[in-house]
Amino acid sequence: MLRTVIATTAVLGLAAGCAPDTSAPVKIRALVLSSNGQYVPEEVELKTIADVVGLSGSVADLHGGARIVYDSNDQDLANATTPEAFVNALIKGEGRDVTASYISQDDVLWPADFHTWNMVTTYYNLERAFDYFHDVTNIPTADFKKPVKTYYFPDFTITDISRDALKDNALYFSAMESFLVLPFDELQRAPLAINAGVITHEYSHRIFNLKVYAGQAFPLALSTWAAVGGPSQGANILKSFDEGLADLHAYGATCRTKNGCDTRFLSTSFEGPDYGSIPADRDLAKADRCMDASLRDSIRGDSLDQFTGKEYRVGTLLASALYQAGEATGQRDILLRSIVTAYSDSSTTTPGLLQLTQQYLADQTKFDLAVASSAIISHITDLRLKEAVCNELMDHLQIPRDLLVGTTNPNLCPPSAAGGTTCPRLSVD
């Protein structure tokens with residue numbers, strides 16, 4: 001259906017093609033979510049583009065046709081001792097710069113083929129994600145570092161899973177410090193790169209990597225904690241926070257669109273019986289989610305491999321709890337800024353997530369939900385918002401009150417925080 005829409009709109013009374021002006025800002029058509037839930041061509045501006053044909057600029061650099069293979073039996077991967085060598089071993093085919101085609105009408109560029117529509121929308125959505133983290137969460141421009149290499153429609157294979165190339169996904173791959181926009185097969189209505197919320201979710205993973213993992217291709221805390229082979233509480237919590245906060249930031253970015261805030265931003269891509277209840281399961285507005293004993297035991301007792309998939313459940317508990325607090329107090333953006341500030345802070349009184357992982361690197365059992373949550377709580381300065389966040393986290397994540405109130409740290413929950421009443425209290429063990 002999407003290809004039909006693009007093909008139809010691309011031929012409606014357009015002038016003959018010409019060499020486009022590549023100086024930013026560029027007026028261009030991209031696929032944008034309309035008020036009726038459909039993706040339609042809309043005039044937008046690319047503000048950071050340097051080469052509109054190669055779709056590269058200060059935010060991203062699109063690259064097509066690469067072949068990337070992860071094979072645990074690959075001797076080149078086994079012999080790699082640096083991140084650079086690991087990436088070189090992964091890339092079996094370099095690919096090439098993309099080449100977009102346009103038709104110009106009234107100084108506005110219209111993509112002339114399907115892939116140009118898809119690539120322009122991808123760059124536009126990456127630019128919007130950059131703007132969100134820069135403007136809302138106050139990340140300085142320099143902190144974003146170089147433009148992110150974005151592999152468009154690469155042949156990406158994880159041979160331990162399947163010999164077939166992966167499809168229907170968009171991801172941030174920290175080992176390569178790159179985004180991967182994979183070919184789509186089943187997600188015809190709204191491929192993931194066209195869904196701005198999905199792109200912001202993936203961009204959030206990059207920010208989490210830059211801040212919480214200090215930009216490491218192989219984050220030290222995850223690698224150290226997962227290497228034990230047994231229970232990996234610290235690694236499980238880090239993965240859960242990464243996923244949950246990515247959903248929360250994706251939601252926050254939707255609030256900057258003309259259609260307004262959307263807690264179900266996944267629904268335009270994951271629609272229909274083939275995808276079960278994914279949009280509903282990740283809907284942040286659902287207020288009755290509660291930690292249960294089984295999930296709590298998994299956080300504590302599972303290895304990182306065993307925990308795979310459960311990070312989304314824990315992450316959604318975290319994200320929906322924070323969402324409830326931000327909306328109830330009318331301080332959404334303040335909360336979102338506080339969260340990003342909490343990613344890294346070298347202060348001894350308000351350590352960030354990065355510093356807390358370093359502190360407990362030798363004993364991940366001490367990096368529990370209360371400790372991880374304390375990084376966020378300690379960076380909220382408004383008392384009303386702090387109390388609301390504390391109440392929601394005590395309630396939905398089942399964090400015992402005495403771990404957050406009455407401690408020697410005055411930056412944590414105020415005595416007025418008593419926890420919520422939505423969830424039945426789990427026994428403390």
Side-chain angles (χ1 to χ4, degrees), residues 129-140 143-144 200-201 203-214 237-238 240-256 261 263 284 314-357 359 367 369-397 399 403-405 407 409-414 416-417 419-420:
F130 175 96
D131 285 346
Y132 162 77
F133 281 105
H134 180 272
D135 299 343
V136 175
T137 72
N138 289 347
I139 297 179
D143 288 6
F144 291 90
T200 305
H201 174 103
Y203 207 96
S204 178
H205 289 318
R206 178 173 185 254
I207 299 300
F208 198 87
N209 179 272
L210 288 173
K211 299 290 186 178
V212 179
Y213 297 144
I237 290 172
L238 271 180
S240 298
F241 269 56
D242 192 0
E243 289 298 341
L245 295 175
D247 273 0
L248 186 65
H249 286 304
Y251 160 73
T254 68
C255 295
R256 291 162 57 84
C261 301
T263 62
L284 302 187
V314 178
T316 300
L317 285 173
L318 170 69
S320 58
L322 293 170
Y323 163 84
Q324 302 297 334
E327 297 302 311
T329 58
Q331 299 190 71
R332 177 196 316 120
D333 286 358
I334 293 173
L335 175 59
L336 293 168
R337 282 194 290 274
S338 299
I339 289 168
V340 171
T341 303
Y343 284 172
S344 179
D345 183 350
S346 58
S347 167
T348 57
T349 56
T350 57
L353 279 168
L354 169 60
Q355 288 71 30
L356 288 169
T357 61
Q359 181 178 341
F367 187 82
L369 285 172
V371 168
S373 298
S374 73
I376 294 174
I377 295 167
S378 67
H379 286 86
I380 299 171
T381 56
D382 181 88
L383 184 60
R384 182 164 164 258
L385 178 59
K386 186 191 288 280
E387 180 182 17
V389 167
C390 289
N391 285 337
E392 296 292 345
L393 294 180
M394 290 176 198
D395 192 10
H396 297 284
L397 266 65
I399 301 174
L403 296 181
L404 297 177
V405 179
T407 69
N409 187 345
N411 297 298
L412 294 186
C413 300
S416 55

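Fair warning: this is a prediction, and the values are worked out from it, not measured in the lab. One is the number of the first residue; the rest follow in order along the sequence.
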Any donor-acceptor pair under 3.5 Å from [X] side chain to [Y] backbone:
X	Y	answer
Gln355	Gly352	yes
Thr357	Leu354	yes
Lys386	Cys413	no
Ser338	Ile334	yes

Dump the intermediate steps for side chain to side chain contact (heavy atoms under 4.5 Å, CB included) on Val405 and Cys390, then the final yes or no. CA-CA 9 Å; Val405 179; Cys390 289; 6.0 Å; no
If every non-hydrogen atom of [X] is compared with every non-hydrogen atom of [Y], which pair is closest and at what distance?
X	Y	answer
Ile399	Ala370	CG2-CB, 3.7 Å
Pro351	Ser378	O-OG, 4.4 Å
Ala417	Asn391	CA-OD1, 3.4 Å

Within the structure provided, determine whether [X] and [Y] are in side-chain contact (heavy-atom separation under 4.5 Å).
X	Y	answer
Tyr343	Leu245	yes
Leu210	Arg206	yes
Phe144	Ile207	yes
Leu284	Leu248	yes
Phe367	Leu353	yes
Thr137	Tyr132	yes
Ile237	Val371	no

Should the pair His201 and His205 be assigned to parallel (<30°), tilted (30 to 60°) or perpendicular (>60°) ring geometry? perpendicular
Using a strict cut-off of less than 4.0 Å between a Lys/Arg side-chain nitrogen and an Asp/Glu carboxylate oxygen, indicate whether Asp131 and Arg256 qualify as a salt bridge. no
Of all residues at least two apart in sequence or in a different chain, which pass the salt bridge (charged side-chain N to carboxylate O under 4.0 Å, His left out) check with Arg384? none
Can you name the residues that form a salt bridge (charged side-chain N to carboxylate O under 4.0 Å, His left out) with Asp143, not counting sequence neighbours? Lys211
How far apart are the C-alpha atoms of Leu238 and Tyr213, what are their side-chain angles, what is the distance that settles it, and do they pass the side chain to side chain contact (heavy atoms under 4.5 Å, CB included) test? CA-CA 10 Å; Leu238 271 180; Tyr213 297 144; 3.7 Å; yes
From [X] [atom1] over to [Y] [atom2], what is the distance, rounded to the nearest 0.5 angstrom?
X	Y	atom1	atom2	result
Ser374	Asn409	OG	CG	7.0 Å
Ile380	Glu387	CD1	CD	11.5 Å
Met394	Leu404	CE	CG	5.0 Å
Leu369	Ser240	CG	OG	8.0 Å

Ring centroids only, cut at 6.0 angstrom: are Phe133 and His249 within range, meaning strictly under it? yes
Pairs flagged by salt bridge (charged side-chain N to carboxylate O under 4.0 Å, His left out) wherever residues 316-328 is involved - sequence neighbours left out: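 Only Glu327-Arg332 qualify under salt bridge (charged side-chain N to carboxylate O under 4.0 Å, His left out).
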Applying side chain to side chain contact (heavy atoms under 4.5 Å, CB included) to Leu393 and Ile376, what does each step give before you reach the verdict? CA-CA 11 Å; Leu393 294 180; Ile376 294 174; 5.8 Å; no
Picking from Leu385, Leu412, Thr350, Asn411, what satisfies side chain to side chain contact (heavy atoms under 4.5 Å, CB included) with Ile377?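 That would be Leu412.
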